[in-house]
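Here is the structure we will look at.
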Amino acid sequence: MGKTGLWLIALAAIALVAGPAAAAGRSEQAPKAGARMKISWLGMNTRGELLQKNSPVEAYMEKRFDVDFEPWYDMDYYQTEQIRVRLASGDIPDFLYSQGNLSSLKDLGIIREVSQDALRKYMPKATATMQKLAPETLWSRTTIDGKNWGIPQALSISAAGPMIVTREDWMTAVGVTKKPETIAELENLYLRYRNNDPDGNGKKDTYALSIFKSQNETIIRESYFSQEFGAFGVTLNDWTKKGDRIEYSMTSAEFKEALKFLAEWYRKEIIDPEFLMDLRKETNAKFANGKLGAYEDFSSWTSEQPGGPVHSLKQLKPDIKYVYIISPKGPTGKRGTPNRDASSTPSVLGKQVSDDKMARILAIIDTLIMDPEVYATACYGIKDQHWKYTPQGFVEVLPPYNDAKEQSKIGVNYWRFQTVHDGNEKIYMPEYRYPAHRFAMENQTLLPLGFLPTLNTAMSTTAQNLARLESEFFLKGLTGALDIDKEWDGYLARWNAAGGDKLSAFVNDQYKASLKQ
Amino acid sequence: MESLSRTAHDLVKYRHYYVLALPAFAVFLLFHYCPMAGIVMAFKQYNVTDGIFGSPWAGLKYFGEMIEAPEFPLIVRNTFFISLLKILFVFPMPILFALLLNEVRVLKLQKVFQTVSYLPHFLSWVVVAGLVRGLLGASGPVNQLTAAFGVKPVLFLTKAEFFVPILIATDIWKEIGWGSIVYLAAIAGIEVQLYEAAEMDGAGRIQRMLHITLPSILSVVVILFLLRVGQVMNAGFDQIFNLYNSMVYSVGDIIDTYIYRAGLEQLRYSYATAVGLSKNLVGLTFLLLTNLIVRRLGGSGTL
Amino acid sequence: MLETVVVALMFAFSATILLPFWTMLVDSFSTPAFFLKAQVKLWPLEASLEAYREVFRNEIIATAYANTVFRAVLGCLLTVSTCFAAAYTLSRKGLPFRRTLTALMVFTMFFGGGLIPTYLWYKNLGLINNRLVLILPSMAVAYYILIMRNFLQALPVELEESAFIDGASPYRVFASIVVPVSTPVLATVALWSAVFHWNEWFGALIYTPKRSLIVLQLLLRRILIENQASAMMDLPDGAQKLPEETVKAATMFVTIGPIILVYPFLQKYFVKGIMTGSVKG
């Protein structure tokens with residue numbers, strides 16, 4: 001019979017079985033009259049644990065909203081591959097929390113359109129609040145070809161930019177009593193950290209400054225040396241508005257000046273040379289151990305948050321005092337902290353969701369976001385059983401419910417939304433984070449908000465490629481591996497050749513169109 | 001015809017052997033060949049509603065996208081360069097290790113060395129990368145040593161000229177022990193009399209190693225070599241991903257890291273399938289070519 | 001002379017491995033504070049079992065161990081027997097269609113359905129959330145079969161000829177002569193297969209997401225949250241405790257401990273001298 005016969009049989013078998021099976025989609029069944037609506041839900045499980053069945057929070061939610069939730073118990077929100085395989089195979093829940101890649105989801109036929117009108121109609125309070133938080137950018141992440149495909153989110157706390165945290169004992173040890181307010185004063189402090197042996201061990205083994213670089217991250221984030229760039233008026237990764245034109249910040253003349261300045265700092269050994277390679281655990285250890293004097297990151301990580309350098313320091317020196325610095329003034333008088341876009345990753349609804357169900361889901365989300373009691377329950381559990389209010393109005397989680405295992409049993413986080421506004425800020429934020437957050441809010445000078453373009457797939461790919469080019473130039477320039485002045489024009493030429501000019505034109509066109517509205 | 005009846009006769013003669021091989025080939029058919037039709041996804045614009053077979057055709061669009069990426073020449077060059085260097089330097093090391101280990105007469109010592117040697121295989125590259133960073137960091141032992149000679153600290157992991165050697169060295173360290181197990185197994189199968197006879201003929205230890213041990217395990221070496229060559233398109237994503245950074249893109253960026261970083265794998269299944277298909281085609285071609293060459297050279301143990 | 005040099009090299013190499021391993025072991029038995037401040041970590045001056053307690057506090061770890069042992073043992077047995085049988089067949093030089101079968105097999109090393117088609121296919125077969133999905137498809141591995149085949153091809157022909165002349169069936173020869181003589185390669189593939197099943201987590205993640213089917217490596221990866229996106233955003237995880245570095249070290253030993261301890265028992269199969277005096281005259 002031979003090979004050919006075998007092949008034909010195999011192919012026939014495949015076609016017969018796999019074809020119809022792959023083409024089958026989910027069918028939506030109308031609920032029987034009187035029966036509760038069923039909503040399948042993919043929320044955030046507590047990290048490290050999956051949501052368990054029969055949790056008190058699920059019972060609370062079902063009672064509150066009079067629906068039957070069908071959580072995807074077995075799916076781990078943090079294992080994106082696991083979820084996406086299931087989605088791509090046609091198994092789609094009604095609600096998916098905070099998913100990226102909206103245009104891919106749309107192209108794959110997984111999600112349904114959720115019009116702005118529907119959001120305003122069925123989710124009025126939340127939409128209005130979010131619109132206030134992110135007036136210019138709220139819809140950029142969810143609009144594709146003029147239609148809206150997702151449920152946006154916005155965070156008021158995004159307004160708090162990155163800042164510097166440093167140790168008071170070191171400041172005293174090197175003889176600096178006045179908190180630095182300009183870049184020059186900061187440089188003075190940092191030089192002393194490096195050269196004046198602040199930990200008093202007789203060795204020149206201390207560095208002044210490092211930043212946090214996430215694992216295997218190879219693009220530049222806007223928190224990298226943000227204070228120093230801000231002092232030159234630069235926000236990294238930003239489409240900066242210059243009148244009626246948009247210029248990408250990392251190709252601007254100001255960026256070049258700022259980078260040269262930082263390269264000088266690197267040459268003067270202010271910046272820890274291992275900043276490039278270190279991960280959080282290494283930076284934390286250095287800060288705690290007296291190898292590092294200052295650290296720059298977002299307010300949550302400069303607070304006493306577990307997993308951060310200040311927390312590590314406090315474990316070794318419980319009495320330590322630390323000092324915050326933000327928006328120092330630069331040599332040209334500019335100052336600023338990146339103005340972050342308050343909008344965040346949108347959630348989506350499955351393609352099979354009917355208009356009725358959509359209305360119902362949106363109404364539920366409205367309450368989940370805007371009602372403080374429901375919000376707090378979603379985040380922490382049943383009041384007074386799993387958590388309680390502190391006298392200052394923050395939330396204190398009652399042990400053992402700060403443990404992942406217990407959290408998965410009581411069902412927290414699954415119905416939590418990241419949207420933070422005045423009404424739930426104190427509930428969202430752990431108390432230890434508050435001082436850093438307030439410091440930033442009260443003392444920062446924000447740079448103007450850049451333009452947030454909506455990129456299609458081709459432009460996204462170009463942007464990713466450019467990010468690689470930018471990070472290479474950034475790091476090589478900063479560490480002195482290349483001469484910034486000499487290589488600048490070549491870098492711009494390469495940037496344009498790699499699609500930068502097309503991307504720039506694309507963004508400028510969008511901007512001009514948005515000005516007309 | 002004669003050959004047809006001879007074939008039928010052979011089929012009957014060898015029927016028991018086919019039965020022995022049946023479970024394996026049933027598994028291949030059911031679990032490898034049956035889903036293989038899905039490869040067609042590389043040529044289609046997949047969407048969930050239409051399924052694999054109902055989705056519209058995209059032709060070679062995704063292959064084109066891959067080739068048109070600006071870094072394409074660089075990542076292909078790096079992939080081959082790193083992979084070929086690994087075949088050249090990393091592949092022989094476990095063989096050498098097995099041969100040398102075999103010369104340790106004290107059996108207990110041999111066992112201890114062997115057990116210790118395969119431990120690193122069980123570490124993830126996340127952990128090993130952390131170790132490497134500690135070793136080669138600005139304040140790490142290597143730089144402390146060179147500082148004693150007045151040399152300024154060198155950030156090895158950020159320098160393009162050191163990156164690939166570091167990849168090679170750490171790969172050897174991690175896999176040499178585990179990789180030697182199969183060769184030790186092959187050596188265990190060599191008849192002791194061969195050694196005894198050679199010793200009586202006056203052959204020294206090194207001569208015995210070169211003329212008895214090595215040739216006896218040659219067919220295993222050959223098959224492992226061929227299989228390794230077939231993997232030429234896999235330069236070691238896990239290792240590189242955990243060790244690389246923007247400073248060494250020019251030598252360290254490979255096909256897999258490019259795909260990962262560009263987020264192109266996420267949800268872009270048709271594209272991912274196209275890339276995977278291309279890589280595998282190249283790998284298979286290399287394998288078949290090398291197989292041909294080795295067979296021409298008269299080697300045993302080819303496919 | 002050769003031996004001295006070799007032993008010296010081996011000692012040096014072993015030191016490069018034992019030092020970091022020992023340091024990590026010390027980390028797993030240290031308090032987090034000691035981990036931060038210690039410059040030299042050769043002994044846990046502030047010893048504590050809290051890292052291990054943290055790992056074993058998960059009730060589900062017993063399930064994870066059980067599931068993993070199950071798949072390692074059953075998977076290993078099935079894989080070794082299936083592959084070896086096929087390897088024996090493919091080593092017979094006169095086998096009709098030998099080239100074709102070998103080619104079909106090699107083909108599977110390079111081409112497969114891909115993630116989505118495989119998932120859909122397994123779904124159709126009812127294998128999703130079924131224990132067997134982690135064992136059956138990996139029963140036949142072209143890589144193993146090829147290596148075993150080459151081992152068998154190197155065996156002297158006389159070995160079996162005497163049995164065939166005595167009228168034994170291929171099954172008989174296979175079981176009573178070929179298998180005993182092939183213990184080194186059987187042990188090697190058994191080891192490879194067992195380690196594969198012990199460490200494998202991606203298949204379990206995708207094909208058996210049900211909580212009761214969790215495997216060890218997946219559970220521990222989940223705890224370690226090493227590459228999670230939100231770890232780098234500035235949003236805290238509600239009020240959740242993040243795992244300490246000491247816990248990460250303990251996790252590592254909890255996973256690799258058992259499998260490392262298996263090998264010494266298999267080591268005897270790699271000792272020379274199996275084939276002494278098997279065929280004479």
Side-chain angles (χ1 to χ4, degrees), chain A residues 6 10-11 13-15 17-25 80-81 84 87-90 92 100-101 104-105 107-110 205 213 215-220 272-274 276-279 281-282 291 351 457 460-461 464-465 467-476 479 481 497-499, chain B residues 29-30 33-38 45-55 65 69-71 126 129-130 132-134 136-140 143 153-160 240-250 252-253 257-258 260-271:
Chain A
L6 272 172
L11 280 171
I14 295 163
V17 183
T80 41
E81 202 60 61
R84 285 171 178 177
L87 293 178
S89 73
I92 305 167
N101 265 312
S104 297
L105 287 170
D107 291 337
L108 279 170
I110 290 174
D205 58 355
K213 172 185 151 290
Q215 178 135 19
N216 309 312
E217 203 173 356
T218 42
I219 57 170
I220 306 297
D272 178 1
E274 287 178 327
L276 182 58
M277 300 305 309
D278 278 349
L279 300 182
K281 81 167 184 201
E282 281 120 6
K291 293 277 169 300
K351 199 171 175 74
T457 318
S460 280
T461 313
Q464 300 283 3
N465 292 336
R468 180 188 165 288
L469 238 160
E470 291 152 20
S471 71
E472 195 174 355
F473 184 78
F474 181 99
L475 291 170
K476 286 193 169 161
T479 55
Chain B
L29 177 65
L30 190 60
Y33 278 99
C34 280
M36 213 183 271
Q45 200 159 325
Y46 175 71
N47 74 71
V48 164
T49 333
D50 298 329
I52 297 176
F53 297 102
S55 292
E65 254 186 64
E71 289 85 7
V126 178
V132 174
R133 280 199 302 274
L136 297 177
S139 42
N143 274 311
V154 178
L155 293 169
F156 299 99
L157 281 167
T158 63
K159 300 234 180 282
I240 295 177
F241 181 72
N242 280 291
L243 283 172
Y244 87 148
N245 54 77
S246 317
M247 305 276 279
V248 297
Y249 274 156
S250 55
D253 210 9
T257 50
Y258 169 77
Y260 179 89
R261 216 180 46 244
L264 293 169
E265 57 167 20
Q266 291 186 356
L267 282 178
R268 299 200 57 205
Y269 289 112
S270 290
Y271 183 90

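The chains referred to below are lettered A, B, ... by the order of the sequence lines, with proteins before strands, and numbering in each begins at 1.
Contacts of L469(A) with chain B are absent, with no heavy-atom separation under 4.5 Å from either backbone or side chain. Contacts between K291(A) and chain B at a heavy-atom distance below 4.5 Å are absent for every atom of the residue. If you measure heavy-atom distances from L475(A) to chain B, the contacts under 4.5 Å come from both the backbone and the side chain.
Using a distance-only test at 3.5 Å, with no hydrogens or angles considered, a donor-acceptor pair links the side chain of E282(A) to the main chain of L279(A). Between the side chain of S270(B) and the backbone N or O of Q45(B), no donor-acceptor pair lies under 3.5 Å. The backbone N or O of L108(A) sits nowhere less than 3.5 Å from a side-chain atom of Y269(B) that would complete a donor-acceptor pair.
Looking at heavy atoms from C-beta onward, V154(B) lies in side-chain contact with N143(B) at the 4.5 angstrom threshold.
Interface remark: of the candidates S471(A), G109(A), A467(A), S471(A) forms the most heavy-atom pairs closer than 4.5 Å to chain B.
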